[in-house]
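Residue numbers begin at 1 in each chain, while the letters A, B, ... track the order of the sequences. As the structure is a computational prediction, the values presented were derived from the model and not from experiment. Every heavy atom of this structure was used, including side-chain atoms; hydrogens, water molecules and symmetry mates were not.
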Amino acid sequence: MLELKEIYFTVPDKEAENGPAEKTILNNISFTFEKGKFYGITGPNGCGKTSLAKTIMGINKATHGKIIYNGKEITEMSITDRAREGIAYGFQHSARFKGVTFRDLLAIAAGTDDEGKLMDILARVGFCSLDFLDKPVDSTLSGGEIKKIELATTIARHPGLAIYDEPDTGIDLWTIEPMVKLIKRQITDYETTTIVVSHNKAFLEAADCLVLIKEGQIAYTGDLEGAKPLLSDLSVCRYTDLCEGEIDAQCYR
Amino acid sequence: MLNAIDKKLLKAVADLDHMPKGPFNIRKNGKLLSREVSGNINIESNEDGTGIVVTVKPGVIDESVHIPVILSQAGLHDVVYNTFIIGEGADVTIVAGCGIHCAGSGNEGHEGIHEFRVGKNATIRYQEKHVATGEGKGKRTLNPTTKVYLDENAVVEMELTQIGGVDEAKRVNEAELGAGSALIVTERILTEGHQIAVSENNIVLKGDNSKTNLVSRSVIKEDSKQDFYANVEARAKSFGHIECDAIIMDNGVNETVPALRALHPDAELTHEASIGKIANDQLIKLMSLGLTYDESVDRIIRGFLK
Ligand SMILES: Nc1ncnc2c1ncn2[C@@H]1O[C@H](COP(=O)(O)OP(=O)(O)OP(=O)(O)O)[C@@H](O)[C@H]1O
Ligand SMILES: [Mg+2]
């Protein structure tokens with residue numbers, strides 16, 4: 001279980017001339033993520049989803065508020081310690097290395113370089129073939145490939161809490177459904193508390209609970225049906241001939 | 001013969017656990033320690049006794065020759081001139097390298113001047129590793145020079161590695177490339193403490209369709225300093241690329257100067273150079289997989305220098 005209590009995240013505002021010298025990215029977020037449940041976080045580009053995920057992982061330091069994981073306060077904990085407590089984050093924008101392979105990352109994530117164990121993880125992930133293992137995680141990887149690696153390294157940790165930040169970006173048509181199933185199977189098998197940040201219908205429909213973020217605040221929590229009117233209201237499309245009427249269930253993008 | 005320190009040095013510079021298979025020449029403290037030749041690869045001392053001449057017969061394929069140098073005598077500055085004559089169409093691996101063990105306060109140094117004459121269609125892989133060990137306060141200096149002449153369609157792959165221990169190193173690497181030949185150089189250097197390393201590369205693309213790719217990876221820790229100079233001059237329709245990456249840690253200092261000179265309208269020369277700290281996103285990714293900050297730094301450096 002993860003509790004967020006009055007989380008703020010502010011950064012210095014470089015553009016401010018007379019206005020406030022700080023920009024509030026997360027503005028008083030309080031929410032409890034229950035163990036073993038599937039949460040979908042969505043909201044317009046730039047609303048603060050990744051910032052929230054990074055604050056949970058400890059990559060961003062909350063300016064104010066408390067984060068409690070399994071009854072333990074982790075607000076001041078390092079990234080490493082949070083990872084060791086069982087929190088895992090699949091990045092929206094993955095790091096590219098020089099001289100580090102997928103096998104290397106997977107071994108670090110799994111805490112073993114035992115070939116058999118790595119094979120088990122690959123088999124579980126399903127969509128990373130064997131020859132994938134020795135690919136360098138560098139700038140030559142395609143957008144979808146790096147996303148698959150990101151997901152595999154998250155799952156390899158058998159985390160208590162997994163946050164997947166837009167796992168579907170660049171993922172091909174044939175992999176989206178297996179990806180949703182895999183994330184769900186992690187929940188059934190390991191009771192992983194799951195947060196998927198996404199704009200994709202397939203993930204939002206699979207979630208037990210939707211969290212809608214708008215301008216750094218939680219605008220809605222609940223089921224997808226209840227969110228639909230709000231999703232329409234959030235449309236900022238000004239090209240009326242391109243974006244007619246409301247955003248329907250087929251298109252939350 | 002070989003004592004425990006010698007064995008350790010040989011293992012480090014040439015990956016040798018015991019005497020190598022095939023021809024070899026081991027030089028210890030300025031003198032020949034042991035040599036073996038084969039029917040295809042000959043090694044003999046040069047006329048003035050300042051080094052060796054290694055001759056590979058034309059067409060010799062898949063053979064290797066080891067020529068390590070070890071030094072463990074305080075106050076000794078060993079200078080050696082070696083010549084490699086590679087016959088047409090040969091394809092061999094040459095493992096060189098120098099290990100210094102410094103136990104006392106006297107300085108120790110090695111200067112190896114290696115000249116390669118690589119015949120038509122011949123291929124060589126040249127590995128040179130530099131290692132220095134020991135608790136002594138004496139300065140360990142290594143100044144290797146390589147001069148490489150590539151005949152038509154020859155291919156030379158050079159791997160030059162120096163991971164710590166050496167106080168001062170000045171490497172000079174010169175090459176002239178004939179038509180259709182290719183030179184690939186990969187240099188990896190890690191310095192720490194107050195170590196200084198300078199690498200100077202002058203490559204001349206003389207023949208049509210000659211190619212070179214020069215890759216340098218530097219890690220500069222603590223108060224150490226590394227400078228990298230690369231000059232590629234194209235005198236023919238040719239291709240050259242320089243890629244130099246330096247990671248600076250602590251108070252490390254680096255100067256990287258890639259220079260391209262095209263003296264022919266069909267020359268294609270490019271370079272990429274970067275100097276900076278370890279990328280933050282790489283560190284964060286590894287920490288999010290449970291490594292500590294220091295473990296993450298180590299892992300990134302290890303990959304970078306691999
Ligand atoms: N460290 C930072 N410094 C300054 N601004 C930041 C910082 N981190 C995030 N922001 C800003 O905060 C806002 C929210 O960013 P965030 O990445 O959380 O958005 P998001 O909801 O994940 O968007 P997307 O759907 O495009 O991924 C953006 O306007 C971004 O520019
Ligand atoms: Mg985002």
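A salt bridge between B/Arg302 and A/Asp104 is absent, with no side-chain N of the basic residue lying under 4.0 Å from a carboxylate O of the acidic one.
Under a cut-off of 6.0 angstrom, the local environment of CZ in B/Arg261 is sparse, with at most 12 non-hydrogen atoms contributed by other residues, nucleotides or ligands. The number of heavy-atom neighbours closer than 6.0 Å to CG of A/Asp114, taken from other residues, nucleotides and ligands shown, is above 12. Other residues, nucleotides and ligands place no more than 12 heavy atoms under 6.0 Å from the CG atom of B/Asp62. Surrounding NZ of B/Lys21 are at most 12 heavy atoms belonging to other residues, nucleotides or ligands under 6.0 Å away. In A/Glu76, the CD atom is not crowded: 12 or fewer heavy atoms of neighbouring residues, nucleotides or ligands sit closer than 6.0 Å.
Between chain B and the residues A/Arg82, A/Met57, A/Glu150, the most heavy-atom pairs under 4.5 angstrom are made by A/Glu150. Per-residue counts of heavy-atom pairs under 4.5 Å with chain A were compared for B/Gln282, B/Met287, B/Arg217; the largest is that of B/Gln282.
In terms of the side chain to side chain contact (heavy atoms under 4.5 Å, CB included) criterion, residue partners of A/Glu191 (sequence neighbours excluded) are, by chain and number, A/Lys35.
In this structure, the side chain of A/Thr80 engages the main chain of B/Leu291 through a donor-acceptor pair within 3.5 Å.
Evaluated for a side-chain contact (heavy atoms from CB on, under 4.5 Å) with A/Ile79, the options B/Ile284, B/Leu289, B/Leu283 yield exactly one hit, B/Ile284.
Looking only at side-chain heavy atoms (C-beta outward), B/Leu286 and A/Val100 stay at 4.5 Å or farther from each other. Within the 4.5 Å cutoff, the side chain of A/Lys98 has no heavy atoms near those of the B/Ile247 side chain. Between B/Ser288 and A/Phe91, some side-chain heavy-atom pair lies under the 4.5 Å cut-off.
Heavy-atom distances place no part of B/Asn280 under 4.5 Å from chain A, backbone and side chain included. In this structure, chain A has heavy atoms under 4.5 Å from both the backbone and the side chain of B/Lys285.
Rounding to the nearest 0.5 Å places CD1 of A/Ile108 at 7.5 Å from OG of B/Ser296. Annotation: the span from A/Phe97 atom CZ to B/Asp281 atom CG amounts to 7.5 Å, rounded to 0.5 Å.
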